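This structure is a prediction, so every number in the text was calculated from the model and none was measured. Just so we're on the same page: letters track the sequence lines, and every chain starts at 1.
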Protein chains: 6
Amino acid sequence: MRTDGRQFNQLRPVNMTINPNKHAEGSLWIEMGDTKVLCTATVEDRVPPFMKGQGKGWINAEYSMLPRATQTRNQRESARGKLTGRTMEIQRLIGRALRSIVDLQALGERTIMLDCDVIQADGGTRTTSITGAFVAMALAIHKISHQVQFTRYPITDYLASVSVGINQDTTLLDLNYEEDSKAKVDMNVVMTGSGKFVEVQGTGEEAPFTRLELNSMLETAETGIYELIARQKEALGEAGLRIGGTKS
Amino acid sequence: MRTDGRQFNQLRPVNMTINPNKHAEGSLWIEMGDTKVLCTATVEDRVPPFMKGQGKGWINAEYSMLPRATQTRNQRESARGKLTGRTMEIQRLIGRALRSIVDLQALGERTIMLDCDVIQADGGTRTTSITGAFVAMALAIHKISHQVQFTRYPITDYLASVSVGINQDTTLLDLNYEEDSKAKVDMNVVMTGSGKFVEVQGTGEEAPFTRLELNSMLETAETGIYELIARQKEALGEAGLRIGGTKS
Amino acid sequence: MRTDGRQFNQLRPVNMTINPNKHAEGSLWIEMGDTKVLCTATVEDRVPPFMKGQGKGWINAEYSMLPRATQTRNQRESARGKLTGRTMEIQRLIGRALRSIVDLQALGERTIMLDCDVIQADGGTRTTSITGAFVAMALAIHKISHQVQFTRYPITDYLASVSVGINQDTTLLDLNYEEDSKAKVDMNVVMTGSGKFVEVQGTGEEAPFTRLELNSMLETAETGIYELIARQKEALGEAGLRIGGTKS
Amino acid sequence: MRTDGRQFNQLRPVNMTINPNKHAEGSLWIEMGDTKVLCTATVEDRVPPFMKGQGKGWINAEYSMLPRATQTRNQRESARGKLTGRTMEIQRLIGRALRSIVDLQALGERTIMLDCDVIQADGGTRTTSITGAFVAMALAIHKISHQVQFTRYPITDYLASVSVGINQDTTLLDLNYEEDSKAKVDMNVVMTGSGKFVEVQGTGEEAPFTRLELNSMLETAETGIYELIARQKEALGEAGLRIGGTKS
Amino acid sequence: MRTDGRQFNQLRPVNMTINPNKHAEGSLWIEMGDTKVLCTATVEDRVPPFMKGQGKGWINAEYSMLPRATQTRNQRESARGKLTGRTMEIQRLIGRALRSIVDLQALGERTIMLDCDVIQADGGTRTTSITGAFVAMALAIHKISHQVQFTRYPITDYLASVSVGINQDTTLLDLNYEEDSKAKVDMNVVMTGSGKFVEVQGTGEEAPFTRLELNSMLETAETGIYELIARQKEALGEAGLRIGGTKS
Amino acid sequence: MRTDGRQFNQLRPVNMTINPNKHAEGSLWIEMGDTKVLCTATVEDRVPPFMKGQGKGWINAEYSMLPRATQTRNQRESARGKLTGRTMEIQRLIGRALRSIVDLQALGERTIMLDCDVIQADGGTRTTSITGAFVAMALAIHKISHQVQFTRYPITDYLASVSVGINQDTTLLDLNYEEDSKAKVDMNVVMTGSGKFVEVQGTGEEAPFTRLELNSMLETAETGIYELIARQKEALGEAGLRIGGTKS
C-alpha cells in the first residue's frame with residue numbers, strides 16, 4: 001500500500017468544476033489529490049502568422065505555476081525575464097497533445113489558447129493540465145458551436161493523460177510529489193478515448209529500464225486514462241456528446 | 001442606485017477563506033464581488049542584500065494576473081520577458097503599504113514575501129490584494145510566533161484598502177470594472193485600523209478634481225475600510241488578537 | 001528654518017531656460033535648487049497602435065537619470081537591460097498628468113513625446129520633470145500652431161507639480177534630498193492653473209498620517225504650485241497666451 | 001525502398017572523427033548522412049551551486065544549430081536574446097541521457113559540459129548529438145583518468161540514440177529530414193549498451209499510434225542503437241575499454 | 001624567427017574549401033593555421049526595412065564563436081541572452097567591409113547575409129572571417145547570376161583582410177593567439193584587390209605607436225593581403241572571373 | 001571654405017566647463033560646436049572581478065545619447081532593453097583609449113568610471129567624449145591625490161581625439177554632422193600629448209582610400225589634437241601639472 005493508502009493502480013481523488021471563470025469561453029478547475037490546476041480556454045478569431053491563409057485553425061497552450069504552488073517558493077518567470085526549459089517543454093507538450101485530437105480544418109481560422117495555471121502542486125501537474133485543458137477546450141468549442149455552424153465537429157476524440165512510475169519494482173499510477181521524487185523511472189502517457197497513444201515520454205535518469213518495465217507502465221497508464229476520460233464525460237455532459245471516436 | 005444594485009457607499013460581497021494553500025506559511029483566498037485574489041505569505045530566514053546585518057526584517061510583495069483573469073486575454077509577463085509598469089507600480093505599493101504597519105526590528109532578520117495572484121478581475125484588484133495580503137501575512141506571523149519568541153509583536157496595526165471614484169458627481173465606493181472605466185476620478189486609499197492614511201493615490205486623468213471631491217472620496221473610503229478591517233478580524237480570529245493599535 | 005535657510009513654505013530657487021536644444025520642437029532646462037532636468041518635446045505625426053483611427057492625439061513621457069546625477073553612481077538602465085519600477089512609475093505619472101490638460105481631439109493624430117532627463121538630482125526630480133515637461137510641451141504646441149490650424153487650442157490649462165512632506169510635525173514645501181530622506185510622510189501633488197488636483201500621491205511608509213496632516217500638505221502644495229505656474233507663464237511669454245482655463 | 005535507397009531498418013552512413021578540436025578535453029565530429037554535429041567535452045573542476053559539497057560531479061549539455069545548418073536560414077538565438085523551447089528541450093534531454101550512465105560519485109566534484117553544435121542538419125540532430133556527445137565525454141574522461149585516480153570508472157555503460165518513425169504503415173530507422181516531415185509518428189529512443197531504455201519519446205501529433213506500432217518502433221530502434229554502439233567502440237578504441245556494463 | 005617557424009612577414013598555411021554546406025547559396029571553410037571559420041552566404045529576396053523601395057540591395061554579417069573554439073570555454077551568447085560588445089563590433093566590421101566592394105544598385109533588392117562561425121580560434125578570427133566571407137559571398141552571387149541577369153556585376157573588387165602587430169620592435173604578419181597576446185600594438189587591415197584601404201584599425205592600448213611603426217605595419221599587411229587575394233582567386237576559379245577592378 | 005565658414009583644418013569652437021556636477025569626483029561639460037557632452041568621473045575603491053588581487057586599478061567608460069540629442073528622436077536603449085552595437089563599440093573605444101595613458105599599477109586597486117552623456121549631437125560625439133573624459137578623469141585623479149599618496153602619478157600623458165574625413169578630395173578636420181554624412185572616408189584618431197597614436201580607425205565604406213589619403217588625414221588630425229590638448233591644459237590648470245610625458 002502507498003503512503004496515502006491508495007492501491008498501486010489507483011488514481012488520487014479527482015474533482016472537476018466546469019466554468020469557474022466568468023470571462024473565458026471555457027474553463028475547468030481540476031484537482032488530482034492536492035494538485036490543483038485552473039485551465040481556461042480563450043477563442044480568438046485569428047491564427048498565428050505561420051498558419052495564415054490556410055483555412056485552418058490552431059491550438060496553443062501556456063503553462064505556469066504560482067510561485068507558492070510548491071513546498072518552497074519559486075521565483076516567478078516574469079521576474080526572471082524568461083521561461084525555464086521545464087515550462088517550455090510542458091507547454092509544447094500540452095499544445096501538441098491537444099492538436100492530435102482536433103481537426104484543424106474543421107475548426108476554421110481560429111486559435112484556441114489553453115492556459116494551465118497550477119494553483120497548488122503535488123506531482124503530476126503536466127498530466128493534470130492536459131486532462132483539464134481538454135475539458136476547457138471542449139467547453140469552449142461547444143460554446144462557439146452555437147454561433148458557428150461546424151460541418152464536422154472539430155474534436156475527433158477524447159484525450160487524457162496520467163503519470164506512471166516504478167518504485168522498488170512496483171509500478172505506480174498517478175504519482176504524488178513524494179512518490180515522484182523517489183521513483184527510479186518516470187513516465188507520462190497521453191492517450192485518446194479510442195485507446196491510442198499520443199505521447200509516451202519515459203525517462204530513466206536514475207536507472208535505465210527494461211522492456212518489461214516499459215510494458216507494465218503503459219498498461220497501468222491505460223487503465224488510469226480510461227477512468228479519467230469517464231470523469232471528463234461526466235463533467236462535460238451534453239457539451240461532450242458530439243466529440244468523435246470514443247472507444248468505450 | 002448602481003448597476004449591481006448597491007448603495008453608493010456599499011462594498012461588494014466580501015469572502016475570505018483562510019489558508020487555502022497547504023504549502024504557504026499563511027494564505028488567503030479573497031473575493032470582492034467577482035474580483036478573486038489568492039494571497040500567499042512565504043517566510044524566509046534571510047533578508048535582501050541591502051538589509052543585511054541590521055537585525056531587521058523585510059516585507060516584499062509580488063502581484064500578477066492570470067492571463068484570462070480579464071475579459072480579453074492578456075499576454076503573460078513571463079512570455080513578454082518583462083513586467084509591465086502597472087505591475088511594478090502595484091507590487092511596490094503593496095509592499096510599501098504592508099511595511100507601514102510592521103515593526104521590522106521586532107520581526108528580526110526574516111523576509112515575508114506576499115504573492116498576490118489575481119485569479120479573476122472585476123475592478124479593485126490592487127486594493128483587494130492589499131486587504132488580502134495583510135491577512136495572509138498576519139496568519140504567517142501568527143504561525144511563526146509559536147516557534148519564535150517575539151519581544152514585541154511585529155504587526156502594529158490592521159491595514160486594509162479600497163477604491164473610491166466619482167461618476168457623474170456621485171462618489172462611489174469599491175468600483176467594479178465597469179464603474180471604474182466610466183469614473184472621471186479614481187482613488188485608491190490604504191488606511192490603518194487606527195484610522196490613519198498609509199497611501200492616498202488619486203488620479204484625475206479624465207478630469208481634474210476639486211478639494212471638495214477629494215474630501216468626499218476620503219470619507220467614503222474610510223467607512224469602507226473600517227468594514228473591511230472588521231471582516232479581517234473575523235477571518236483571523238485568534239490569529240489577530242496580538243495585532244497592535246486598533247481604534248474600534 | 002531649514003538647513004538651506006528657506007522658510008517652510010518656500011520653494012528653492014527656480015530657473016527655466018527655454019529651447020536649449022536645437023533639434024527638439026520644444027525644450028526646457030529647469031533647475032529647482034540643485035535638481036536640474038532637461039525636458040525635450042518631440043512631435044510625431046502618428047499615434048501609438050491602440051489610438052489609431054480615432055482622430056485623436058497622444059502624449060507620452062519618458063524619464064531617466066544620468067548615472068552620476070546622484071551622490072553615488074547608479075547603474076544605467078540600458079546596461080541592466082530593463083527599467084526599474086521607480087522609473088516606470090514616474091514616467092507613467094508624467095504622461096498621465098500632462099494628458100489631463102490636453103484636449104487630445106483638438107491635438108489631432110499626433111504624438112508628443114516628453115523626455116525628462118535628470119542631469120543632477122537633489123530631491124523632487126519627478127515633480128520638477130512635470131513642471132518642466134509642461135513648458136517644453138507648450139513650446140512645441142505653440143511652434144506647430146504656426147503650421148497647423150487648431151480649431152481649439154489643444155492645451156486647456158496650466159499644470160505644475162511640487163512635493164510636500166512632514167518632518168518633525170512641520171509641513172515642508174519642495175523638499176531637497178536630505179529633507180526627503182528624513183521626512184516621515186512624502187506627498188507629490190500635481191495641480192492645474194485653475195486650482196484642481198490632477199494627481200495626489202501621499203505615502204506614509206515611515207509613519208501613517210492623519211487627515212489634518214493631509215490637509216496641511218495639500219494647502220502648502222497649492223501655494224507652491226501657483227508660484228511655479230507664474231514662473232511657467234513668464235518663461236513661455238507669448239507662447240503661453242492661448243493656453244486655456246487659468247484661474248489667477 | 002527509401003528515397004535514398006536504404007532498407008527500412010538501415011542507418012545512414014555513419015562517420016566519426018575523434019578529437020578534431022585542439023582545445024577541448026574530448027571532441028567528436030559525427031556525421032549521420034548529411035547531418036553533421038561537432039561535440040566537444042569541457043572538464044571543469046567545479047560543480048553548479050546546487051551540487052556543491054556533495055562530493056559528486058555533474059554532466060551538462062548545450063545544443064545549438066548554426067543559422068544555415070538548415071534549408072532556410074534560422075535566426076540566431078543569441079540575436080533573438082533567448083533560447084527556443086526546442087533548444088531547451090533538446091539540451092535537457094542530452095544532459096539527462098548522459099547522466100544516466102555516469103556514476104557522479106565516482107566522477108568527483110567535476111562538471112563535464114558537452115557542447116553539441118549542429119554544423120549541417122538533415123534530420124535526427126538530437127539523437128546524433130547524444131550518440132556523439134557520449135564519445136566526446138568518454139574521450140575526456142579517459143584523458144583525465146591519466147591524472148585522476150578513479151576508484152571506480154565513472155562511465156557505467158555505453159549510450160547511443162536513434163530516431164524511428166512510421167510512414168505509410170512502415171517503420172523506418174534513422175529518418176532524414178524529408179522522411180521526418182512526412183512521418184505520422186516520430187520517436188526518439190536512447191538506450192544503453194546493456195539494452196535498457198534511458199529515454200523513450202514518442203509523439204503522434206499527426207496521428208495517434210497503437211501499441212503494436214509502438215512495439216515495432218522500439219524493436220527497430222534497438223537494432224540501430226546496437227550498430228551505433230559498435231561504431232562508438234571502434235572510434236574510442238583503447239579509450240573505451242574501461243566503460244562498464246556492455247551487453248554484447 | 002617566430003615560435004611556429006614562420007618568417008616575420010609570412011602568413012600561416014591557408015586552406016579554403018568551397019561550398020562545404022549543402023544548403024547555403026555559397027559557403028567557404030577557411031583555415032589560417034589553427035583558426036578555422038565556416039562562412040555561409042544566404043541570399044534573400046528582400047531588404048531590411050530601412051532600405052525598402054530604393055531598388056538597392058544590402059549585405060549583412062553575423063559572427064559567432066563556438067563555445068569551445070578557444071582554450072577555455074566561453075559562455076554562449078544565446079545563454080547570456082545578449083551579444084558581447086566584441087561580437088557586435090566584429091560583425092559590424094565584416095558587413096561594412098563587404099559592402100565597400102559591392103554595387104548595391106547592381107545587386108537589386110536582395111540581402112546577402114554572411115554567417116561567420118568560428119569553429120576553432122587561434123588569433124585573427126575577424127580578419128579570417130572577412131577573407132572567407134568574401135569568397136562565400138562571391139560564390140553566392142555567381143550562383144544567382146545564372147538566374148538573375150545583372151546589368152553590372154555587383155562585385156566591384158576583391159577584398160581580404162589580415163592582422164599585423166608589433167612585438168619587441170618587430171612587425172609581424174598574421175599573428176596567432178600567443179603572438180597577439182604579447183603584441184604591444186595590434187592592427188587589422190582590410191584592403192581591396194586594387195590596393196586601396198577599406199578599414200584600418202590600429203590599437204595601442206599597451207603602448208602608443210609612432211608614425212613609423214604605423215607605416216611598417218601597413219606595408220606588411222599589404223603583402224599579406226595580396227597573397228590572400230591570390231588564394232581567393234584560385235578557390236573561386238570561374239566564379240571569380242567577373243569580379244571587377246583587380247590590380248594584379 | 002566649409003558651410004560653417006571654417007578652414008579645412010580648423011576645429012569648431014571648443015568650450016570646456018570644469019566640474020559642472022556637484023556629486024562626481026571630476027566632471028567636464030565640453031562643447032565642440034553644437035556637439036555637447038557631459039563627462040563625469042566616478043572613483044570606486046574596488047576593481048572588476050577579473051582584476052582582483054593584482055594590485056592594479058581599472059578605467060571603464062560608458063557612452064549614451066539623450067533620445068533627442070539628434071535631429072530625429074532615437075529610442076532609448078533602456079527601453080529597447082539592450083545597447084546598440086554602435087554604443088558598445090564607442091564605450092569600448094573610450095575605455096581602451098584612456099587606459100593607454102594610465103599607469104594602472106600606480107593607480108592602485110581603484111576603478112574610475114567615465115560616463116559620457118551626449119546632451120546634443122552634431123558629429124564627432126565619440127572623439128569629443130574621449131577628449132572630455134580625459135579631463136574629467138584628470139580632475140578626479142587630481143582630487144584623490146590629496147588623500148592618496150601616489151608614488152608615481154597615475155596619468156602618464158595627455159590624450160585627445162578628433163575626427164577627420166575626405167570630401168571631394170579635400171581633407172577636413174573635425175567634421176560636423178552634415179559633413180560627416182557626405183564624407184566618403186571617415187577616420188577617428190586618438191593621440192597622446194607626446195605625439196603617438198593610440199587609436200587609428202579609418203573606414204572607407206563609401207569608397208576605399210589610398211595610402212596618400214590616409215597620410216593626409218593623419219597629418220590633419222595631428223594638428224587638431226595638439227590644439228585640443230592645449231585647451232585641456234588650460235582647463236585643468238594646476239590639476240594638470242603632474243601629468244607625465246607631454247611633448248610640447
*Taking every heavy-atom pair that is under 4.5 Å apart, which of F/Gly204, F/Ser100, F/Gly202 has the most such pairs with chain E?*
F/Gly202

*If you count heavy-atom pairs under 4.5 Å with chain E, which of F/Glu89, F/Glu213, F/Gln201 comes out on top?*
F/Glu89

*Count the heavy atoms belonging to other residues, nucleotides or ligands that lie under 6.0 Å from CZ of F/Arg46, then report whether that count exceeds 12.*
no

*Per-residue contact mode, F/Thr192 against chain E (heavy atom under 4.5 angstrom)*: side chain

_Taking side chain as everything from C-beta outward and backbone as N, CA, C, O, which of these in E/Leu83 sits under 4.5 Å from a heavy atom of chain F? Side chain, backbone, both or neither._
backbone

*Can you establish whether the number of heavy atoms outside F/Tyr177 located under 6.0 Å from its atom OH is more than 12?*
no

*Could you grab the distance from atom CD of E/Glu199 to atom OG1 of F/Thr203, nearest 0.5 Å is fine?*
3.5 Å

*Evaluate the criterion side chain to side chain contact (heavy atoms under 4.5 Å, CB included) for residue pair E/Phe197 and F/Leu214; output intermediate values, then yes/no.*
CA-CA 9 Å; E/Phe197 295 104; F/Leu214 175 58; 4.2 Å; yes

*asked:* Looking only at heavy atoms and a cut-off of under 4.5 Å, which of F/Val190, F/Asn215, F/Thr87 has the most pairs with chain E?
replied: F/Asn215

*Residue selection (most heavy-atom pairs with chain E, distance under 4.5 Å) from F/Lys82, F/Glu219, F/Met187, F/Gln91*: F/Glu219

*Which heavy atom in E/Pro208 sits nearest to a heavy atom in F/Lys196, and how many Å separate them?*
CB-CB, 3.5 Å

*Let me know if F/Arg92 has heavy atoms under 4.5 Å from chain E in its side chain, its backbone, both or neither.*
side chain

*Quick one: which of F/Val200, F/Leu93, F/Leu98 has the most heavy-atom pairs under 4.5 Å with chain E, could you say?*
F/Val200

*In terms of heavy-atom proximity below 4.5 Å to chain F, should E/Asn188 be classed as side chain, backbone, both, or neither?*
neither

_Closest heavy-atom pair and its distance - E/Val198, F/Phe209_ = O-CE2, 4.0 Å

*asked:* Please classify the contact of F/Thr84 with chain E as side chain, backbone, both or neither, using a heavy-atom distance under 4.5 Å.
replied: backbone

